[in-house]
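Please read the structure below before turning to the comments.
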Amino acid sequence: MPDTIGTAVLDPEDQLNRAFMALADPVRRKILARLALGDATVNEIAQPFTVTLQAISKHLQVLEGAGLITRSREAQRRPCHLNTTALGPLAEWIENYRLQAEERFARLDELLTSTAQKHNPEKEKNNEHQHNNH
């Protein structure tokens, strides 16, 4: 199901692009790390940073536009919340490529091992003999 921003419907690819662009900035990653600990207002989020409150607000807009955070209203407070469900597609995308890379490395290891054994069968026999004697 595509996510929406305002009235625009984002396809999963566009949502993924927005999320990775938002995560490209170290301040935004620190903001997400803070929100992983619990909800916080803009002032609470801004406290450890040396940038202006306006800059923090812009970072929050980017994170919200990427679907990584949401905001609510609780009386006079407007806390920001980490949208953990938005992290799922990012983790899946990364995991897919991690598994592909591991499979390629495993095949390369197998190839290198078999090539080494073909080119040096005597060494393999010595290694097996030493292993059996221990």
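Sequential numbering from 1 along the given sequence is applied to the chain's residues. Note that the structure is predicted; figures quoted are calculated from it, not measured.
For R98, the CZ atom sits in a packed shell: over 12 heavy atoms of surrounding residues, nucleotides or ligands are nearer than 6.0 Å. Counting non-hydrogen atoms of neighbouring residues, nucleotides and ligands closer than 6.0 angstrom, the CD atom of E95 exceeds 12 such neighbours.
D11 contributes atom CG, which lies 8.5 Å from atom CG of N17 (distance to the nearest 0.5 angstrom). Taking CG of L63 as the start and SG of C80 as the end, the distance is 9.0 Å to the nearest 0.5 Å. With rounding to the nearest 0.5 angstrom, the CD atom of E64 is 4.5 Å from the CZ atom of R71.
With a 4.5 Å cut-off between side-chain heavy atoms of Ile, Leu, Val, Met, Phe, Trp and Tyr, the cluster of L108 takes in L112.
Across A40 and R34, no two heavy atoms sit closer than the pair CB-NH2, 3.3 Å. Heavy-atom minimum distance, A86 versus G67: CB-O, 3.1 Å. Heavy atoms only, all atoms of each residue included: R28 and H59 are closest at NH1-ND1, 3.1 Å. Nearest heavy-atom pair, A36 versus L82, reported as atom, atom and distance to 0.1 Å: CA-CD2, 3.8 Å. Taking both residues in full, the closest heavy atoms of Y97 and W93 are given as CD1-O, 3.1 Å, listed atom of the first, atom of the second, then distance.
A donor-acceptor contact shorter than 3.5 Å links the side chain of R29 to the backbone of L23.
Linking ILVMFWY residues whenever their side-chain heavy atoms come closer than 4.5 Å, directly or via other members, leaves L37 and L87 in distinct clusters. In this structure, M21 is not a member of the same hydrophobic cluster as V62, with clusters built from ILVMFWY side-chain heavy atoms closer than 4.5 Å.
A heavy-atom distance below 4.5 Å is not found between the side chains of T41 and R78. At least one side-chain heavy atom of F49 sits under 4.5 Å from a side-chain heavy atom of K30. No side-chain heavy atom of Q15 sits under 4.5 Å from any side-chain heavy atom of P89.
Legend: residues meeting salt bridge (Lys or Arg N to Asp or Glu O under 4.0 Å) with R77, ordered by chain and number and at least two apart, are E44.
Only one option out of T84, N83, L90, L60 pairs with L68 in a side-chain contact (heavy atoms from CB on, under 4.5 Å); it is L90.
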Q. Is there a salt bridge (charged side-chain N to carboxylate O under 4.0 Å, His left out) between D14 and R18 once you walk through the steps?
A. CA-CA 6 Å; D14 189 36; R18 284 177 182 251; 3.5 Å; yes

(Q) Applying side-chain contact (heavy atoms from CB on, under 4.5 Å) to V42 and I45, what does each step give before you reach the verdict? (A) CA-CA 5 Å; V42 175; I45 292 167; 5.7 Å; no

